[in-house]
Participant: 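Structure incoming, see below.
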Amino acid sequence: MSKTGAFDLASGVGGKIEKDDVLSAVDKYEKYHVYYGGEEQGRKSNYTDMVNKYYDLVTSFYEFGWGESFHFAHRWNGESLRESIKRHEHFLALQLELKPGQKVLDVGCGIGGPLREISRFSSTSVTGLNNNEYQITRGKELNRIAGVDKTCNFIKADFMKMPMPDNSFDAVYAIEATCHAPDAVGCYKEIYRVLKPGQHFAAYEWCMTDAFDPDNQDHQKIKSEIELGDGLPDIRSTRQCLDALKKAGFEVIWERDLAPDSPVPWYLPLDTNHFSFSSFRLTSVGRFFTRNLVKSLEYVGLAPKGSLRVQSFLEKAAEGLVEGGRREIFTPMYFFVARKPLSPSE
Ligand SMILES: C[S@@+](CC[C@H](N)C(=O)[O-])C[C@H]1O[C@@H](n2cnc3c(N)ncnc32)[C@H](O)[C@@H]1O
């Protein structure tokens with residue numbers, strides 16, 4: 001069962017960080033970002049520390065508000081958020097043409113929501129790679145409860161240097177995770193290395209679109225709000241991602257930003273003008289309750305000091321994401337399917 005109660009949220013803040021150290025971790029995390037005077041180079045050279053702090057701090061909030069899968073989704077009218085999230089995962093599995101029994105790698109797997117869904121949908125064995133120990137602990141528990149612990153597993157490692165041999169997997173995917181890589185070419189090269197020749201890699205990437213203007217101060221503010229609120233070193237453009245795939249050796253089969261095709265905007269659940277009973281905790285009323293709940297739990301000592309600050313930077317992220325989505329300068333679903341050639345000269 002997913003941990004979605006208020007006490008689960010409170011006790012989970014900080015993940016593997018000692019409860020007394022949560023506040024200073026928030027301080028250190030914030031200082032990496034432009035908003036607090038941080039620089040891109042600092043975020044890139046310290047990406048492991050920055051990203052791990054971020055996920056230790058936010059995982060219980062994500063699980064509380066969003067569920068087991070930590071990503072956005074293309075959504076049809078009449079579809080619930082939960083249904084759209086599952087369909088987004090099924091779409092990826094179909095594009096990869098997964099076959100029963102195949103060995104699949106999920107790069108940056110969170111607590112394994114997509115991994116469990118995709119493995120059950122396609123009867124494959126999925127390995128989740130993640131550098132965050134707290135998320136892996138949660139993921140193992142959830143795999144056991146879901147009954148997929150015999151076929152699916154987790155590896156704690158950095159996706160910039162994976163501990164697996166060359167040509168190990170029949171397919172690889174990444175959902176809203178490789179945006180954390182300090183260098184896209186380096187990350188895609190590692191994926192290329194562990195993928196079997198002739199097989200496919202598919203991903204949903206977080207990107208700035210062609211509508212993003214680097215000279216526009218408003219655009220830059222939105223970009224830095226998203227980076228701060230989501231633990232990102234520097235959000236790449238769709239073109240940079242495409243270029244990085246080719247530099248890593250992939251043949252790009254198809255690529256497209258799926259956001260403009262989504263009848264219900266992907267950012268709607270975070271939009272404070274929107275109300276929904278099914279995703280109540282994400283609405284402005286729901287967030288108001290969560291904020292006060294976290295404040296009270298922190299006050300009485302049930303949530304570590306610093307918890308409210310985490311809630312605040314997540315709200316900043318939500319503002320940036322909604323604005324970025326509304327202006328179409330940012331997308332969380334730049335999708336591509338890429339193939340590793342049978343030989344480098346193919
Ligand atoms: C937004 S979450 C998405 C999780 C998952 N794909 C999902 O959709 O539920 C990004 C994930 O990438 C992982 N991650 C970030 N940087 C990583 C790195 N260098 N190596 C391995 N995992 C990383 C984080 O720990 C987190 O689990």
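In listed order, ligands and their atoms are each counted from 1.
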Participant: Show your reasoning for whether side chain to side chain donor-acceptor pair (under 3.5 Å) applies to Asn130 and Gln135.
Facilitator: CA-CA 8 Å; Asn130 191 344; Gln135 290 195 335; 2.8 Å; yes
Participant: Pick one: which of Phe201, Phe336, Tyr188 meets ring pair (Phe, Tyr, Trp, His ring centres under 6.0 Å) with Phe250?
Facilitator: Phe201
Participant: Could you work out, with salt bridge (charged side-chain N to carboxylate O under 4.0 Å, His left out) as the rule, every residue matching Glu79, not counting sequence neighbours?
Facilitator: Arg87
Participant: Looking at the rings of Phe335 and Trp254, which for Trp means the six-membered one, are their centres under 6.0 Å apart?
Facilitator: yes
Participant: Report all protein residues having a heavy-atom distance below 4.0 Å to some atom of ligand 1; order the list by chain, then number.
Facilitator: Tyr47, Val51, Tyr55, Ser69, Phe70, His71, Gly108, Cys109, Gly110, Pro114, Asn130, Asn131, Asn132, Gln135, Ala157, Asp158, Phe159, Ile175, Glu176, Ala177, His180
Participant: Between Trp66 and Phe61, does the ring centre distance come in under 6.0 Å?
Facilitator: no
Participant: With ring centroids as reference points, do Tyr204 and His74 lie under 6.0 angstrom apart?
Facilitator: no
